[in-house]
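Here the structure is a predicted model, which is why all the values come from computation and not from measurement.
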Amino acid sequence: MERETKTYVLKRSDDEAVPRNLSIDYRAALNTQQLAAVTAGEGPSLVIAGAGSGKTRTLVYRVAYLIDSGVDPSNILLLTFTRKSAQEMLERAGELIGARSQRVCGGTFHSVANLLLRRYGRSIGVEPGFTILDRSDAEDLIALMRAQLGLNEKDKRFPRKGTIMEMVSKSANTLRSLDDIILEEFGHFADHAEDLGRLQKAYQAAKRQKQLLDYDDLLVMLRELLVRDETARTTISRQYRYILVDEYQDTNRLQAEVIRQLASTHNNVMIVGDDSQSIYGFRGATFKNIMEFPTLFPGTTMYKLEENYRSTQPILNLANCIIEEAKEKYTKRLFTRKIDGPLPSLVEAAGENTQSRFIAQKILELREEGVPLTEVAVLFRSSFHSFDLEIELSRKGLPFIKRGGIKFIETAHVKDLLAHVRVIANPLDTVSWHRVLLLVEGVGPKKAQDLLAALVKSEKPFQTLREVTGRSSQGLRNLANTLESLAGAEDRRPAEQVNHVYEYYLPILKEQYDDYPKRTRDLEHLHTIAEGYPGVDEFLADLALEPPDGSAVDVDAPDRNDERLVLSTIHSAKGLEWQCVFVIWVVDGRFPSVYSFIADDELEEERRLFYVAVTRAKRHLFLTYPINVFDKGSGMLLSKPSRFLDPVTPALLDQLVLVEEGGRPDWYARDHHE
């Protein structure tokens, strides 16, 4: 009888942890913590990436390592929050590993959902030719449904279309019922809950009937597809055998559920994120996702990236101290090799204008010391916190750019032009038809509704428009001719369509807007974007999925040679860094805001927001707070620094009190009218 052969496992030494036949020297390129994450084996992995710890580098090398180890690139799915970050990561992976990285599927949750629904959606009634509604088109459709249900005749308190959209969207993204959302966040509209429920159903039915999907539907429908169609779920999950997710702390319940389903056949999910930087609760993102990942995926291996490459140690000491107080967290301590640097300063000002004068003066000093304006940022909790400062900076001749404002795609003139292109692409798109008709002279809301009703029934919509008599007849004839000339030419590239519509729209633009020269620049920009697309469907889908920022109307593009400092809300500054950062209004009641005192989870999110602000600074950090400020909203006198600084030992901060020239504190000068 043969003896059973036994095996004896020889453990690999640390030197052999990375297979030897790889084309890249990972050990030389990464620190120990990054290397462990990049070379992780199969199964679920959670990478807690502290601020400035090389998170993107780790993801880039992870993609390269998988390909280097023999994984077919088309089996890798990289999910990010912007298309730009996915492109940049894959380009960087390409520099490491070659052209194979181009076969990795990388993009936003919504763009990947768009791709998968067009391929597999039929089984749940989603036709591949669906049109994506952007946010304000979706709001217009809601307004249309509201009118049809007669809810416009309600008393003045019935919510506006934007608010209704916000409720419906939050319900979809948090997997909670509309009733729950109304009760918890829009209690003053609780009386209308029943009508709002009817409106939500009518809105969903209208979209289904017209093959329209709004932004949220992309994920809602993808989840439905993965849950209901087992064959599709298995096929998709086997296709994407390795799933990488960036910024996981910013995901919502719906996104977490989609990840769970996508990984159903293998559990090879690596999520990268920082629980301490989870700051988008107001958008429906939930801190709980990153905390509960190990429960959702049993057997998760955790990796921590704690070496910071951005800030000096004095700044990190303060950041560590602030986040140490968080009630729920993955414990980590940021460290750096940049040991030396000035202590962060806590600056007490008598009032708001004193705070503004200090910042302007300090920026001028730093400029003298060689810190360029482009390396300076002023961060704040809420947009209105910087109004006084903006006036002061202008007075001192310090140019700045303020982050925020209207997005390019949301400007009326860009939406007007795109509505014409959408009507050609999908003649059933009543939202776009409505917008296009209202631009015609002599067509008001009532006439637009009547025309819409006629167009939907008509087999020859353009002929129907030509037959209209009265004041609007000439305008409608011009519209019909323009649309018809494009409708017959499917092979026209998007740039040609945009150009053709632009020629028709220009007189309307001039008639409607005094600042039309600025607006034409936006439309020229739209034409430039269109030139990058071979087909109209991809062009329209991408604009809806990943709108470009910045409009000429909103902010004039800075001259190349024009140095500007940045004013930004902390939310808009996430992921960015500057040599010198001022965080203003660090006064209890403004940051954290009075309204967050009531709910623990809101206060905790404010703490994380403060942590994000502090960790944007590379070398100089100033926290400024005016005292004795009366807050109209709460009726409180705000007089002490933020409670988030309570646990900070004096040794971690330089404390400054501003005094007027002449030696007396500035409050003395103000109170004695000197």
Output side-chain donor-acceptor pairs under 3.5 Å for residues 574-587, partner residues at least two apart or in another chain, one line each.
residue, atom, partner, partner atom, Å
Lys574, NZ, Glu247, OE1, 3.1
Lys574, NZ, Asp250, OD2, 3.2
Glu577, OE1, Arg310, NE, 2.8
Trp585, NE1, His385, O, 3.3

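- For Asp216, the side-chain hydrogen bond (donor to acceptor under 3.5 Å, both in side chains) partners at least two apart in sequence or on another chain are Ser169, Asn173.
- The side-chain hydrogen bond (donor to acceptor under 3.5 Å, both in side chains) check on Lys338 picks up nothing, with sequence neighbours excluded.
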Anything under 3.5 Å between a donor and an acceptor, one on a side chain of residues 637-646, the other on a protein residue two or more places apart or in another chain? List them.
residue, atom, partner, partner atom, Å
Ser642, OG, Phe591, O, 2.9
Ser642, OG, Phe644, N, 3.1
Arg643, NE, Asp588, OD1, 3.1
Arg643, NE, Asp588, OD2, 3.2
Arg643, NH2, Asp588, OD2, 2.9

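- Listed by chain and number, the residues in a salt bridge (charged side-chain N to carboxylate O under 4.0 Å, His left out) with Arg57 amount to none (sequence neighbours excluded).
- For Thr336 and Gln313, the side-chain atoms include no donor-acceptor pair closer than 3.5 Å.
- The side-chain hydrogen bond (donor to acceptor under 3.5 Å, both in side chains) check on Thr569 picks up Ser572, with sequence neighbours excluded.
- For Tyr330, there are no side-chain hydrogen bond (donor to acceptor under 3.5 Å, both in side chains) partners two or more places apart in sequence or in a different chain.
- Among residues two or more places apart in sequence or in another chain, the side-chain contact (heavy atoms from CB on, under 4.5 Å) test is passed with Glu306 by Gln33, Lys304, Lys332, Phe335.
- Residues that satisfy the side-chain contact (heavy atoms from CB on, under 4.5 Å) test with Thr56, not counting sequence neighbours, are Val60, Met89, Arg92.
- Taking every heavy atom of both residues into account, Leu316 and Ser311 meet most closely at CD2-CB, 3.8 Å.
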Taking distance alone, no hydrogens or angles, what donor-acceptor pairs closer than 3.5 Å link side-chain atoms of residues 360-373 to residues at least two apart or in another chain?
residue, atom, partner, partner atom, Å
Lys362, NZ, Glu365, OE1, 3.2

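- Taking the six-membered ring for Trp and thresholds of 30 and 60 degrees, His571 and Tyr280 have ring planes inclined between 30 and 60 degrees apart.
- Applying the side-chain contact (heavy atoms from CB on, under 4.5 Å) test to Ala138 and every residue at least two apart in sequence or in another chain returns Leu133, Met165, Tyr203, Asp214.
- Residues satisfying the salt bridge (charged side-chain N to carboxylate O under 4.0 Å, His left out) test with Glu91, not counting sequence neighbours, are none.
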